[in-house]
Amino acid sequence: MRRALLLPLPLLWACASASGPAQGPASGPADGPHAHGDHGHGDHGRHMEHAFDDPEAWAKRFDDPARDAWQKPEEVVALMALSPGQTAADIGAGTGYFLPHLSRAVGPEGKVLGLDIEPKLVEYMNARAAKEGLANVEAKQVATDDPGFSPASVDRVLIVDTWHHIDRRGEYAQKIRAGLRPGGALFVVDFTLDSPHGPPAEFRLSAESVRDTLLAAGFEAEVLEETLPNQYVVRGRRPLED
Ligand SMILES: C[S@@+](CC[C@H](N)C(=O)[O-])C[C@H]1O[C@@H](n2cnc3c(N)ncnc32)[C@H](O)[C@@H]1O
């Protein structure tokens with residue numbers, strides 16, 4: 001249908017959107033979004049479960065070149081203030097959209113971990129890293145409730161459009177804090193409550209609720225200024241004295 005081509009570009013991408021055209025490639029009753037744990041709190045409340053087991057199909061959305069215009073990966077990575085030689089982790093890295101950007105920012109002496117719960121995406125990311133010559137990138141499968149960091153081993157953590165998929169976010173945030181070096185930081189990028197695209201409304205989290213979850217988990221947290229349309233960036237820093 002030609003009409004679909006007239007949609008604003010962001011509507012052509014969504015991990016699972018509220019309405020028809022932006023549904024995931026494998027959408028439908030069997031693998032649409034599922035709600036779990038409706039406790040009504042930002043830290044361990046309702047979260048969305050969704051199948052991400054078709055890398056080629058998801059790559060068409062996640063790695064759509066048109067995404068750069070609204071996702072602004074260079075701006076996001078600039079906010080992370082990475083230095084050469086550092087270790088950065090992307091949790092819920094999907095098909096690895098952010099990996100080339102993170103790889104450049106930490107340089108050949110640095111390390112990038114692409115982490116995901118879906119083994120086919122992990123395989124896809126490792127193949128992508130090999131194909132694109134990203135020698136400092138390694139993709140790994142992680143558990144749904146633990147990013148699997150060694151204590152104080154990571155400088156920066158990025159979580160894009162994935163925080164709302166995580167259950168018991170307060171406990172999860174504490175595990176991230178333990179994995180960060182003191183002074184290291186977590187960056188949560190997700191859709192605003194009033195974004196015209198993104199997850200269904202009941203799964204969205206406000207920037208302030210994300211910030212409050214991070215504060216309660218022992219981070220110094222704030223909502224950052226940025227120019228992303230329809231998304232926010234929340235930074236949580238592990239205190240230096242932690
Ligand atoms: C909407 S996609 C975002 C992918 C990527 N961050 C991007 O922006 O292109 C969400 C990703 O999070 C992963 N995911 C969901 N729950 C997760 C969890 N508890 N831990 C790690 N990854 C998770 C999914 O498998 C999927 O790849």
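Just so we're clear, the structure is a prediction, and the values are computed from it rather than from any experiment. One is the number of the first residue; the rest follow in order along the sequence. First listed ligand is number 1; within each ligand, the first listed atom is number 1.
- A distance of 7.5 Å separates CD of E118 from CD of Q141, quoted to the nearest 0.5 Å.
- Of the listed residues (F62, F98, W58), the one carrying the non-hydrogen atom nearest atom 2 (S) of ligand 1 is F62.
- Distances shorter than 4.0 angstrom do not occur between any heavy atom of R168 and any atom of ligand 1.
- The pair D161-R67 meets the salt-bridge criterion, with a side-chain N (NZ, NE, NH1 or NH2) lying under 4.0 Å from an Asp/Glu carboxylate O.
- The two atoms that bring R238 and A152 nearest to each other are NH1-CB, 4.2 Å, heavy atoms only.
- Looking at ligand 1, you won't find any N or O of Y97 less than 3.5 Å from one of its N or O atoms.
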Inset, instruction - Check the pair R104 / V77 against side chain to side chain contact (heavy atoms under 4.5 Å, CB included), numbers first and verdict last. - result: CA-CA 10 Å; R104 268 195 300 279; V77 172; over 6 Å; no
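- Polar contact check, R67 against ligand 1: a nitrogen or oxygen pair lies under 3.5 Å apart.
- In this structure a side-chain-to-backbone donor-acceptor pair under 3.5 Å is missing from D90 to V112.
- Here the side chain of D242 pairs no donor or acceptor atom with the backbone of P182 at under 3.5 angstrom.
- Using a 4.0 Å cut-off between heavy atoms, A93 contacts ligand 1 through its backbone alone, with no side-chain atom that close.
- Interface atoms of ligand 1 facing H165, defined by a heavy-atom separation under 4.0 Å, are 10 (C), 15 (C), 16 (N).
- For the pair E118 and ligand 1, the shortest N or O to N or O distance does not fall below 3.5 Å.
- Between Y97 and H101, the angle of the ring planes lies from 30° to 60°, which puts this pair in the tilted group.
- The atoms of ligand 1 that sit less than 4.0 Å from any heavy atom of I166 are 19 (N).
- Taking a 6.0 Å sphere around NZ of K175, one finds it holds more than 12 heavy atoms contributed by other residues, nucleotides or ligands.
- Here is the list of ligand 1 atoms found below 4.0 Å of a heavy atom in D161: 1 (C), 10 (C).
- Taking any N or O of L115, backbone or side chain, none lies under 3.5 Å from an N or O belonging to ligand 1.
- The distance criterion of under 3.5 Å between nitrogen or oxygen atoms is not met by I91 with respect to ligand 1.
- Nearest residue to atom 3 (C) of ligand 1 from D190, V160, V122, I159 is V160 (criterion: closest heavy atom).
- Every atom of ligand 1 is numbered from 1 in the order shown, and the set under 4.0 Å from a heavy atom of T162 is 3 (C), 6 (N), 10 (C), 11 (C), 12 (O), 14 (N), 23 (C).
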Inset, instruction - Apply side chain to side chain contact (heavy atoms under 4.5 Å, CB included) to E226 and L79, showing your working. - result: CA-CA 8 Å; E226 32 69 23; L79 286 171; 4.0 Å; yes
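- Counting only distance, with no hydrogens or angles, the side chain of R177 and the backbone of A217 share a donor-acceptor pair below 3.5 Å.
- Looking at T95 against ligand 1, nothing comes within 4.0 Å, counting heavy atoms.
- Interface atoms of ligand 1 facing G94, defined by a heavy-atom separation under 4.0 Å, are 4 (C), 27 (O).
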